[in-house]
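Here the structure comes first, spelled out in structure tokens, and everything after it is commentary.
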2 protein chains.
Amino acid sequence: MLHKTIEPSKKDDIKEIVKQYFTEYLIQHEQRKTPERYAILDKIYSWKGHFDIDMLYDLMKDDYRVSRATLYNTLELLKDCNLIIKHQFGSESTQYEKSYNNIHHHLICTKCKSIKEFGDENIKKIIQSKPLGGFKVINYSLYAYGLCAKCAKASNSITPNKGK
Amino acid sequence: MLHKTIEPSKKDDIKEIVKQYFTEYLIQHEQRKTPERYAILDKIYSWKGHFDIDMLYDLMKDDYRVSRATLYNTLELLKDCNLIIKHQFGSESTQYEKSYNNIHHHLICTKCKSIKEFGDENIKKIIQSKPLGGFKVINYSLYAYGLCAKCAKASNSITPNKGK
DNA sequence: TTTGTTGCAAAACGTTTGCAGCCTC
DNA sequence: GAGGCTGCAAACGTTTTGCAACAAA
């Protein structure tokens, strides 16, 4: 269950690992191993942080040009094999992010819309220890909504627990 | 911090509580208290489970007709004051859900796309105990991706930890 | 009375689709 | 060689926008 955590010293291997994993997935699902798909996977795992379709399109352009349709198609594949995660923050366009060896969570300020990341190993333990009716968790993501330090200070905004 | 948990016996009060909370929010943000907004809030808190714009539009029609534009506008407001949560499961249309006294999480099968809910009080404890750099968490939601019991059994599908 | 909010319809935007040609298998 | 995959452009559906009328403050 759950993606492995790779030690920093082995970080260079990650691209190779995900590539192999993707290959196995494609074989199992009888899908073709096209150079476009590998180029996209490689680009995603070379990029730290969130990206959207346009950003990925621009990033790839120089290296290995693919159409938007192929990007959408491949991102769907990578999502289905749990190598990327899809986020919909606020009203921005859909964001994606590599997810192998990259589990972390997001704090989203409902006032200024800022997004901050945080990690927590304890959540992992909880998920791994819960039975969940036979569901095999491979990947997960938590979104916490509220007020960032700055907005919390700026406003004496009400919260559902006001006066408690 | 965090939405209160209301005992079952007090469940009838919830609509009243969220209405008051919404009123305070509108006053604080100098927005008008229109009947449309309250009618929408009431309808949402009368509904158990997920809904999308069209479903809400149809649900409201009989009771208090509002335009789609107003639904979008009001859902945005309710999201900003943490009374609803927005989900983007797979390729379905955007789903919403009341979030006051309704914190739970989602198991999403990447194979059959089924969605199952689960609750966990331990996650709440972790979030409440972490400092998070001054971020005030009001609401949160966890999405776990993987294989549901049925799909896990059906396939000897590879996972990132295959052979481990 | 002022100005934010609503409803309507049109516009905009991200994503999906159909099809011809290409390239894995 | 067959059929899946790609690129392109058109189509689609959801969300946003502009504007006039309305109503909360």
Side-chain angles (χ1 to χ4, degrees), chain A residues 19 22-44 50-81 84-97 113, chain B residues 19 22-43 50-81 84-96 113:
Chain A
K19 192 177 151 187
F22 191 37
T23 301
E24 290 182 55
Y25 181 88
L26 292 174
I27 292 171
Q28 277 223 344
H29 291 75
E30 296 180 317
Q31 303 239 27
R32 294 194 175 162
K33 303 190 276 292
T34 68
E36 288 84 359
R37 289 175 174 174
Y38 285 106
I40 293 166
L41 177 63
D42 190 84
K43 190 58 80 180
I44 290 172
H50 304 149
F51 60 88
D52 62 17
I53 288 278
D54 284 340
M55 201 185 300
L56 183 56
Y57 185 81
D58 289 340
L59 276 172
M60 296 218 56
K61 217 161 34 188
D62 315 315
D63 235 321
Y64 193 113
R65 199 197 160 281
V66 294
S67 68
R68 261 166 236 278
T70 300
L71 287 181
Y72 279 111
N73 166 23
T74 305
L75 288 175
E76 188 67 20
L77 268 180
L78 291 172
K79 196 189 70 180
D80 285 346
C81 70
I84 60 170
I85 202 156
K86 196 174 170 178
H87 304 294
Q88 302 270 172
F89 300 120
S91 52
E92 314 165 26
S93 63
T94 305
Q95 303 280 307
Y96 300 85
E97 187 174 19
K113 317 291 180 190
Chain B
K19 191 178 151 185
F22 191 38
T23 301
E24 290 182 56
Y25 180 88
L26 291 173
I27 292 170
Q28 278 225 343
H29 291 76
E30 297 181 316
Q31 304 239 27
R32 292 189 179 166
K33 303 190 276 294
T34 68
E36 288 85 357
R37 290 176 175 172
Y38 285 105
I40 294 167
L41 177 63
D42 190 84
K43 190 58 82 179
H50 304 150
F51 61 87
D52 62 18
I53 287 278
D54 284 341
M55 201 184 302
L56 183 57
Y57 185 81
D58 290 340
L59 277 172
M60 296 219 56
K61 214 159 39 187
D62 316 314
D63 236 321
Y64 193 114
R65 200 195 159 283
V66 293
S67 68
R68 261 165 236 280
T70 300
L71 287 180
Y72 280 112
N73 165 22
T74 304
L75 288 175
E76 188 67 20
L77 268 180
L78 291 173
K79 196 190 69 180
D80 285 347
C81 69
I84 61 169
I85 202 158
K86 195 174 171 179
H87 304 293
Q88 301 270 172
F89 301 120
S91 52
E92 314 164 26
S93 64
T94 306
Q95 304 281 307
Y96 300 85
K113 318 290 180 191

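This structure is a prediction, so every number in the text was calculated from the model and none was measured.
- Between B:Leu71 and B:Met60, the closest side-chain pair of non-hydrogen atoms falls below 4.5 Å.
- Note on ring orientation: taking the six-membered ring where Trp is involved, the planes of B:Tyr96 and B:Phe51 are parallel (angle under 30°, cut-offs 30° and 60°).
- Two residues are said to be in side-chain contact when any heavy atoms from C-beta on lie closer than 4.5 Å; A:Thr70 and A:Ile40 meet this criterion.
- One finds a side-chain N or O of B:Asn73 lying less than 4.0 angstrom from the OP1 or OP2 phosphate oxygen of C:dT6.
- A heavy atom closer than 4.0 Å to some atom of DNA chain D occurs in no member of residues 54-63 of chain B.
- We find that CZ of B:Arg68 is positioned 16 Å from C1' of D:dT17, with the value rounded to whole Å.
- Taking atom CD on A:Gln95 and atom P on C:dT15, their separation rounds to 10 Å, with Å as the unit.
- The nearest whole Å value for the distance from the CD1 atom in A:Ile53 to the P atom in C:dT15 is 6 Å.
- Overall bending of the helix from C:dT1-D:dA25 to C:dC25-D:dG1, expressed as the angle between end axes built from five pairs apiece, is 50° (10° steps).
- The shortest distance between the side-chain N/O atoms of B:Thr70 and the OP1/OP2 oxygens of C:dG7 is below 4.0 Å.
- Here the side chains of A:Thr34 and A:Thr74 are not in contact, with every heavy-atom distance at 4.5 Å or above.
- Residues A:Lys79 and A:Ile85 form no side-chain contact, since every pair of their non-hydrogen atoms from C-beta on lies 4.5 Å or further apart.
- Annotation: side-chain contact (heavy atoms from CB on, under 4.5 Å) contacts of A:Asp52 (sequence neighbours excluded): A:Asp54, A:Met55, A:Ser93, A:Gln95.
- If you check the side chains of A:Tyr38 and A:Thr23, you find a donor sitting under 3.5 Å from an acceptor.
- OP1 or OP2 of D:dT15 lies within a sub-4.0 Å distance of a side-chain N or O belonging to B:Tyr72.
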Walk me through it: do A:Arg37 and A:Leu78 pass the test side-chain contact (heavy atoms from CB on, under 4.5 Å)? CA-CA 9 Å; A:Arg37 289 175 174 174; A:Leu78 291 172; over 6 Å; no
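- Salt bridge status for B:Asp80 with A:Lys113: present, with a side-chain N to carboxylate O gap under 4.0 Å.
- Heavy atoms of B:Arg37 sit under 4.0 angstrom from primed sugar atoms or phosphate atoms, though from no base atom.
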Strictly under 3.5 Å: I want the nitrogen or oxygen pairs between protein and nucleotides 18-21 of chain C, one per line.
none

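- When heavy atoms are screened at a 4.0 angstrom cut-off, A:Ser93 is found touching no nucleic acid atom at all.
- At a threshold of 4.5 Å between non-hydrogen side-chain atoms, the residues B:Arg65 and B:Tyr57 count as touching.
- Look at CG on B:Leu26: it is 12 Å from C1' on C:dG4, rounded to the nearest Å.
- The salt bridge (Lys or Arg N to Asp or Glu O under 4.0 Å) search around A:Asp62 returns none, not counting sequence neighbours.
- Taking 4.5 Å as the limit, every side-chain heavy atom of B:Leu26 sits out of range of all side-chain heavy atoms of B:Arg32.
- Taking atom NZ of A:Lys86 as the reference point, atom P of C:dG14 lies 14 Å away to the nearest angstrom.
- In this structure, CD1 of A:Ile40 is placed 13 Å from P of D:dC5, rounded to the nearest angstrom.
- A:Lys19 has no carboxylate O lying under 4.0 Å from a charged side-chain N of A:Asp42, or vice versa, which leaves the two without a salt bridge.
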Using a 4.0 Å cut-off on protein heavy atoms (strictly under), produce a 5'-to-3' string for nucleotides 20-25 of chain D with B for base contact, S for backbone-only sugar-phosphate contact, and - for none. ---BBS
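- For the pair A:Glu76 CD and D:dC5 P, the interatomic distance rounds to 14 Å; values are reported in whole Å.
- Defined by atom type and a distance below 3.5 Å, a donor-acceptor pair is present between the side-chain atoms of A:Thr94 and A:Gln88.
- Taking atom CG on A:Leu71 and atom P on D:dG7, their separation rounds to 8 Å, with Å as the unit.
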